[in-house]
J.: 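Here it is, the structure in full.
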Amino acid sequence: MSATDAAAGAPPAVLPLLADGSLRLESEPSLLPLLRRWLPLLPYDRGQGTGDGGQGDGAVIRLASGDPSRVSTLPGAPVLRLGGTDAWVDASAARAVFRCASGSAGEADLAQGVATLVPVAFGEETREAVAWDVYGMCTLASALLLGRMHRALVHSAAVVAPGGGAWLLPGDSHAGKSTTSVNLIESGWRFVSDDNVVLFRDGDGRICAEGWPRRFHLDEGWEDGSPLHRRGEVDPHQRWPGRWQRTAPLAGFLFPRVDAHLPTRLSPITGSEALGGLMRQSPWLLADRAVAAEVLGFLRAACERPAYALRLGLDTYRDTARLLEVLRSLYDS
């Protein structure tokens with residue numbers, strides 16, 4: 001069952017977010033519509049959860065009704081801000097607090113691996129604003145919990161080359177992540193995610209990427225080859241059925257940047273430049289001082305893989321053959 005199905009009908013109360021079940025989301029059914037924007041498009045199986053809100057193993061993010069003003073604050077200035085959501089982290093107490101512009105709030109016990117998020121009461125006119133609260137809190141809560149689980153949440157697209165390795169595409173909004181991803185998918189590559197990727201070590205010690213795919217935000221002019229600078233949503237599972245790959249070993253990094261009037265070009269960058277790019281796109285990575293050194297070491301190891309700046313011109317906006325020519329050295333050696 002897809003996340004769309006989960007949010008539309010009589011969904012399960014428990015939604016496993018990682019393939020090994022080590023992180024899950026629990027939500028009251030009445031609050032599930034608030035999750036549509038954030039909830040990854042994963043194959044949620046009713047059999048994987050308890051279905052009745054019962055307890056399970058691993059870390060958990062709980063979306064619950066209540067009074068967000070009852071969440072106690074932490075002193076000082078927030079260490080993170082994502083949209084309208086601020087976060088405070090007390091690493092020594094293993095506690096994080098989230099507060100949103102619209103009034104929603106939450107807290108996380110990082111030692112126990114439990115985050116409880118309480119959206120403010122909403123109506124039809126305020127639903128969208130509260131949904132953005134939930135988006136910010138879920139992102140920051142999952143990032144902090146994953147850090148305690150020896151994993152890293154990265155704001156990045158990821159595609160899988162014919163050789164089987166995952167290439168991450170971290171980049172700012174409008175940097176060309178979605179356009180590059182869909183061109184490669186159209187040419188036979190597989191995709192892991194267009195938005196968030198979880199980096200982890202598998203049983204053999206390899207650094208791998210696991211996808212949290214969401215609806216691609218693609219320029220509405222892509223089909224015709226002329227950008228309209230207006231984005232629409234594309235469900236990747238419907239558009240490219242069978243092309244999603246949940247996990248893949250990390251092959252390297254492509255940092256896209258649009259420069260429409262210049263030809264597309266691939267240029268190698270150093271590991272330190274790649275690390276800086278990852279930190280820019282995922283500012284939460286070092287927010288929890290208790291695990292910051294470990295996360296930084298993990299990212300440095302990841303950045304030992306090949307990394308490139310990908311300058312994107314209009315010559316590859318809808319020309320997959322030209323894009324493959326530019327990227328051929330990544331997987332044809």
Side-chain angles (χ1 to χ4, degrees), residues 1-17 23-42 44 46 49-54 59-74 77-89 95-109 114-145 153 155 173 194-196 212-217 231-235 283-284:
M1 182 175 65
S2 70
T4 304
D5 297 329
V14 181
L15 303 171
L17 296 172
L23 176 65
R24 67 189 186 278
L25 188 147
E26 297 179 0
S27 175
E28 296 178 11
S30 63
L31 299 179
L32 277 167
L34 297 176
L35 286 164
R36 179 189 180 277
R37 187 180 299 276
W38 185 84
L39 197 64
L41 299 172
L42 298 174
Y44 300 111
R46 292 178 184 272
T50 64
D52 59 1
V60 59
I61 300 169
R62 294 194 176 104
L63 191 64
S65 58
D67 181 1
S69 67
R70 295 176 65 88
V71 176
S72 59
T73 59
L74 287 173
V79 298
L80 282 171
R81 175 167 293 167
L82 183 63
T85 302
D86 290 329
W88 291 257
V89 181
R95 183 169 181 259
V97 171
F98 314 103
R99 291 205 170 276
C100 306
S102 297
S104 303
E107 59 185 334
D109 183 331
V114 177
T116 302
L117 313 178
V118 185
V120 70
F122 62 94
E124 288 301 319
E125 293 184 354
T126 58
R127 182 191 303 271
E128 186 70 8
V130 178
W132 277 115
D133 288 350
V134 170
Y135 187 98
M137 290 194 295
C138 283
T139 299
L140 295 176
S142 60
L144 293 171
L145 291 176
L153 179 67
H155 175 225
S173 180
D194 182 54
D195 187 61
N196 279 164
W212 279 358
R214 297 188 176 92
R215 294 162 186 83
F216 285 30
H217 292 93
R231 292 189 173 196
E233 286 190 348
V234 177
D235 186 321
W284 48 75

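Values below: every heavy atom of this structure, side chains too, minus hydrogens, waters and symmetry copies.
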J.: Is there a side-chain contact between Leu15 and Leu32, using heavy atoms and a 4.5 Å cut-off?
T.: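 Leu15 vs Leu32: side chains touch.
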
J.: Please confirm whether the backbone N or O of Phe122 pairs with a side-chain atom of Thr126, one donor and one acceptor, at under 3.5 Å?
T.: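 Looks like no, no N/O pair under 3.5 Å.
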
J.: Would you say the side chain of Leu140 lies within less than 4.5 Å of the side chain of Leu80, judging by non-hydrogen atoms?
T.: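 Leu80 reaches Leu140 side chain to side chain.
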
J.: Taking only residues two or more places apart in sequence, or in another chain, which ones meet Arg127 in a salt bridge (Lys or Arg N to Asp or Glu O under 4.0 Å)?
T.: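 Arg127 satisfies salt bridge (Lys or Arg N to Asp or Glu O under 4.0 Å) with Glu124 only.
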
J.: From Asp195 CG over to Arg214 CZ, what is the distance, rounded to the nearest 0.5 angstrom?
T.: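 The distance works out to 5.0 Å.
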
J.: Over all heavy atoms of both residues, which pair between Trp284 and Ala143 is shortest? Give the atoms and the distance, please.
T.: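 Minimum heavy-atom separation between Trp284 and Ala143: CD1-CB, 3.3 Å.
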
J.: Looking only at heavy atoms, what is the nearest atom pair of Ala64 and Leu31, with distance?
T.: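 Heavy atoms only, the tightest pair is C-CD1, 3.6 Å.
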
J.: Taking atom CG of Leu117 and atom CG of Asp133, what is their separation to the nearest 0.5 Å?
T.: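 Reported value, rounded in 0.5 Å steps: 10.5 Å.
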
J.: For Phe216 and Asp194, work out which heavy atoms get closest and say how close.
T.: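 Shortest heavy-atom separation between Phe216 and Asp194 comes out as CE1-CB, 3.1 Å.
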
J.: Can you tell me how far the CG atom of Leu144 sits from the CG atom of Leu153, to the nearest 0.5 Å?
T.: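 One gets 9.5 Å once the value is rounded to the nearest 0.5 Å.
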
J.: Who pairs with Arg37 by side-chain hydrogen bond (donor to acceptor under 3.5 Å, both in side chains), at least two apart in sequence or on another chain?
T.: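 Listed in chain order: Glu128.
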
J.: Is the backbone of Glu107 close enough, under 3.5 Å, to the side chain of Arg95 for a donor and an acceptor to pair up by distance?
T.: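 Looks like no, no N/O pair under 3.5 Å.
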
J.: Taking the side chain as every heavy atom from C-beta outward, state whether Arg99 and Thr85 have any pair of such atoms under 4.5 Å apart.
T.: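 Heavy-atom side-chain distance check fails, nothing below 4.5 Å.
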
J.: In a check of side-chain contact (heavy atoms from CB on, under 4.5 Å) between Ser27 and each of Ile61, Leu39, Leu35, which one passes?
T.: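 Of the listed options, the one satisfying the test is Leu35.
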
J.: To the nearest 0.5 Å, what is the distance between CZ on Arg62 and CD on Glu26?
T.: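 One finds 4.5 Å between CZ of Arg62 and CD of Glu26.
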
J.: Considering only NZ, NE, NH1 and NH2 on the basic side and carboxylate oxygens on the acidic side, decide whether Arg81 and Asp86 come within less than 4.0 Å.
T.: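 Counted as a salt bridge, because a side-chain N and a carboxylate O are separated by less than 4.0 Å.
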
J.: Please give me the minimum heavy-atom distance between Leu25 and Cys138, naming the atom from each residue.
T.: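 In this case the closest contact between Leu25 and Cys138 is CD1-SG, 4.3 Å.
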
J.: List the atom of Ser104, the atom of Met137, and the distance in Å for their closest heavy-atom pair.
T.: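 Scanning both residues completely, I find the closest heavy atoms to be CB-CE, 3.9 Å.
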
J.: Is any side-chain heavy atom of Val97 less than 4.5 Å from a side-chain heavy atom of Pro78?
T.: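 They are not in side-chain contact.
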
J.: Do Ser65 and Val118 touch side chain to side chain, with heavy atoms closer than 4.5 Å?
T.: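 No; the side chains remain at least 4.5 Å from each other.
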
J.: Around Glu233, counting heavy atoms of other residues, nucleotides and ligands shown, do more than 12 lie under 6.0 Å from its CD?
T.: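 It does: Glu233 CD has more than 12 such atoms within range.
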
J.: Ring centroids only, cut at 6.0 angstrom: are Trp212 and Trp38 within range, meaning strictly under it?
T.: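 Aromatic pair counts; centres sit under 6.0 Å.
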
J.: Tell me the closest heavy-atom pair linking Val114 and Leu145, and the distance in Å.
T.: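 Taking Val114 first and Leu145 second, the nearest heavy atoms are N-CD2, 4.0 Å.
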
